[in-house]
2 protein chains.
Amino acid sequence: MKIESVDIALTSSAASIICEALKKAIVEGRLKDGEPLRQDEIARLFNTSRIPVREALTMLEQQGLVATQRYKGAVVAGISPEEASEIWEFRALVEGEVIEAAVPKMTAATLDEAQTHLAAFASAAGPMEWGDWNRKFHIVLYRASGLSYHLSVIEKTLDRVDRYIRAQLSLSNGLARADTEHRAILAACAAGDAAAAKALTRQHILGAKANLLESLHRD
Amino acid sequence: MKIESVDIALTSSAASIICEALKKAIVEGRLKDGEPLRQDEIARLFNTSRIPVREALTMLEQQGLVATQRYKGAVVAGISPEEASEIWEFRALVEGEVIEAAVPKMTAATLDEAQTHLAAFASAAGPMEWGDWNRKFHIVLYRASGLSYHLSVIEKTLDRVDRYIRAQLSLSNGLARADTEHRAILAACAAGDAAAAKALTRQHILGAKANLLESLHRD
DNA sequence: GTAACGGATATTGGATACAATAACCGAAGT
DNA sequence: ACTTCGGTTATTGTATCCAATATCCGTTAC
């Protein structure tokens with residue numbers, strides 16, 4: 001007879017727990033651009049020494065989420081309008097290609113799950129939830145492609161810019177427009193029209209890019 | 001009057017020095033897939049404690065060059081044929097797009113530098129040099145695009161697979177074929193034909209993918 | 001008043017020491 | 001012979017302590 005076994009922290013080191021918590025705070029925009037991340041302050045928050053905190057900050061720096069200067073510490077890494085513009089072009093390129101490859105492999109379960117996320121997105125209460133469901137909707141569709149390397153690059157890129165997407169969704173028409181475009185993308189996927197899904201995804205991303213740059217320009 | 005000032009280790013921490021050294025060894029294929037990386041052994045090599053070694057390994061894990069298991073240590077991360085196939089497709093997508101954007105921005109200096117690397121490639125002595133000049137040739141052309149985010153993704157991807165490219169160059173016809181294709185790509189760039197440069201780059205990468213999979217299949 | 005210098009404080013980088021876990025090995029029992 | 005248990009060793013994860021550097025602030029010279 002087998003004993004009921006539960007994985008107790010088999011994959012979680014203190015560093016990765018801290019890294020994930022900080023990443024979540026950055027991605028959700030709770031930590032603002034340029035905000036300093038003090039090692040001993042974070043260490044106190046997690047009841048650890050500074051060693052795992054430093055490893056977590058090293059991970060985040062490698063992911064481009066924080067910028068570190070020797071003997072000066074880490075700050076949340078911002079993004080310039082030029083970088084934003086380029087990253088949205090990159091997203092259109094890669095996400096367009098991935099959804100095109102994904103459409104022929106989508107199952108009913110894929111479409112169901114996407115539909116669920118779309119409904120949750122439409123009836124969500126605040127910017128944080130919008131961002132979560134928006135991302136889940138897209139990722140579910142991409143995942144059907146089975147292109148794990150492409151997916152990992154997409155996820156890292158989204159980590160880098162997700163807070164700007166959330167801000168975008170909060171603007172006037174941001175939510176309604178995204179919802180409309182999501183429905184069109186899902187319809188194309190359900191119809192098995194890979195070319196249309198790719199084109200709509202590209203428009204979805206490049207339209208958001210134009211909006212973002214416009215709002216940045218107004219400041 | 002101003003004093004001649006030299007940056008003395010302003011940007012170099014022990015961790016990043018160790019990281020770069022290990023990365024070079026992995027990229028050049030001197031550390032084989034699955035080879036364990038012991039913390040205290042590396043620490044002795046660099047005359048440091050294990051702390052900066054651990055940070056270096058953390059960086060390499062984030063870059064996908066090593067795989068770590070809790071309480072078991074880090075090993076050089078290999079790559080499956082499926083992953084290789086997907087990564088070469090990814091390269092064709094991104095590098096094709098980047099060189100297309102780069103062609104209109106190339107200067108005479110860009111083409112000169114690429115030509116120099118191409119000549120060095122053709123007259124290089126061994127696999128290591130071939131790999132170095134091959135990579136420099138492509139990167140110089142890509143850099144003209146000014147697409148820094150795309151470039152950073154390409155560099156990280158190349159770090160991950162460069163040793164397989166080097167192995168490929170060492171095979172029969174690998175070097176001659178690469179040289180021929182490089183000349184064609186450079187000619188298209190010099191002629192200002194962005195579409196041709198893109199198509200030739202894609203063929204260059206996808207042909208190498210086919211060769212790689214074939215050689216993997218023979219084993 | 002202002003700029004340059006010097007010391008006090010805060011913060012990070014690294015070394016050492018200890019705790020937790022895995023791998024190995026040998027002995028005992030069946 | 002095979003399995004299982006226990007202990008020993010090797011290796012990693014973390015805490016504590018010290019060194020190196022930056023920042024702040026008062027003082028002083030002009």
Side-chain angles (χ1 to χ4, degrees), chain A residues 1-3 5-23 25-26 31-77, chain B residues 1-3 5-23 26 31-32 34-77:
Chain A
M1 139 185 166
K2 296 195 174 181
I3 310 265
S5 71
V6 179
D7 288 346
I8 302 179
L10 278 182
T11 58
S12 57
S13 65
S16 51
I17 293 174
I18 296 171
C19 175
E20 288 305 316
L22 290 177
K23 184 196 291 189
I26 294 174
L31 289 170
K32 301 300 181 188
D33 292 358
E35 185 152 340
L37 303 172
R38 305 287 171 199
Q39 294 175 7
D40 50 1
E41 180 182 353
I42 298 168
R44 272 195 302 273
L45 273 175
F46 289 89
N47 284 316
T48 68
S49 76
R50 279 169 39 221
I51 298 291
V53 175
R54 291 183 44 170
E55 292 192 9
L57 291 175
T58 300
M59 295 181 201
L60 293 172
E61 176 169 34
Q62 289 295 312
Q63 298 174 21
L65 293 181
V66 310
T68 302
Q69 277 188 311
R70 192 168 154 81
Y71 291 115
K72 293 179 73 174
V75 300
V76 177
Chain B
M1 136 184 166
K2 297 197 173 180
I3 310 264
S5 70
V6 180
D7 288 345
I8 301 180
L10 279 183
T11 58
S12 58
S13 65
S16 52
I17 292 174
I18 296 171
C19 175
E20 289 304 316
L22 291 177
K23 185 197 290 189
I26 294 173
L31 289 171
K32 302 299 179 188
E35 186 153 337
L37 302 171
R38 305 288 168 189
Q39 294 176 6
D40 49 1
E41 181 181 353
I42 298 169
R44 273 196 302 274
L45 274 174
F46 289 90
N47 283 317
T48 67
S49 75
R50 280 168 38 221
I51 299 291
V53 174
R54 289 175 54 89
E55 291 192 10
L57 292 175
T58 300
M59 295 181 200
L60 292 172
E61 177 170 32
Q62 288 295 312
Q63 298 174 22
L65 293 180
V66 311
T68 302
Q69 276 190 310
R70 190 169 156 83
Y71 290 115
K72 294 179 71 174
V75 299
V76 178

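Every chain is numbered from 1, with letters handed out A, B, ... down the list of sequences. Just so you know, these numbers come straight off a predicted model, no measurement behind them. Computation of the quantities below employed the complete heavy-atom set of this structure, encompassing side-chain atoms and omitting hydrogens, waters and symmetry-equivalent molecules.
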Exercise for the section: Select base, sugar-phosphate, or nothing to describe what A/Arg38 touches, counting heavy atoms under 4.0 Å on all strands. Expected result: sugar-phosphate
Completion exercise
Residues A/Gln39 and A/Leu57: closest non-hydrogen pair is CG-CD1, 4.0 Å
Handout entry: Nucleotide nearest A/Gln39 (side chain, heavy atoms from C-beta), chosen from D/dA15, C/dT12, D/dT12
Key = C/dT12
Problem - B/Leu31 to B/Val76 - nearest heavy-atom pair and separation - result: CB-CG2, 3.9 Å
Exercise for the section: Output yes when B/Glu20 and B/Lys23 qualify as a salt bridge under the 4.0 Å nitrogen-oxygen rule, no when they do not. Expected result: yes
Practice task
Round to a whole Å and report the spacing from CG of B/Asp40 to P of D/dT9.
Solution key: 17 Å
Completion exercise
To the nearest angstrom, the OH-C1' distance between B/Tyr71 and C/dT21 comes to 6 Å
Problem - Rounded interatomic separation in angstrom, taking CD1 from A/Ile17 and P from D/dT14 - result: 9 Å
Problem - Proximal nucleotide (of D/dT14, D/dA15, D/dA20) relative to the B/Arg50 side chain - result: D/dT14
Completion exercise
Per atom distances to the A/Ile51 side chain, the nearest of C/dT12, C/dA15, D/dG13 is C/dA15
Fill in the blank from the handout: Taking C/dT11, D/dA22, D/dT14 as options, the one with an atom nearest any side-chain atom of B/Arg70 is D/dT14
Fill in the blank from the handout: Here the distance between atom P of C/dT12 and atom CD of B/Glu55, to the nearest Å, is 13 Å
Exercise for the section: Round to the nearest Å and state the distance from B/Ile18 atom CD1 to C/dG13 atom P. Expected result: 14 Å
Handout entry: For atom CD of B/Gln69 and atom C1' of C/dA20, their distance in whole Å
Key = 17 Å
Exercise for the section: Using atom CZ of A/Arg44 as one end and atom C1' of C/dT11 as the other, report the distance to the nearest whole Å. Expected result: 12 Å
Exercise for the section: Rounded off to whole Å, could you give me the CD-to-C1' distance for the A/Glu61 and C/dG13 pair? Expected result: 14 Å
Practice task
Scan A/Thr68, A/Val53, A/Val75, A/Val66 and name whichever one has a side chain to side chain contact (heavy atoms under 4.5 Å, CB included) with A/Leu37.
Solution key: A/Val66
Practice task
Under 4.0 Å between any heavy atoms, over every strand shown, what does A/Leu57 touch: base, sugar-phosphate, or nothing? Just pick one.
Solution key: nothing
Problem - Selection from D/dT23, D/dT14, D/dC17 that lies nearest to any side-chain heavy atom of A/Lys72 - result: D/dT23
Completion exercise
Applying side-chain contact (heavy atoms from CB on, under 4.5 Å) to A/Tyr71 and not counting sequence neighbours gives none
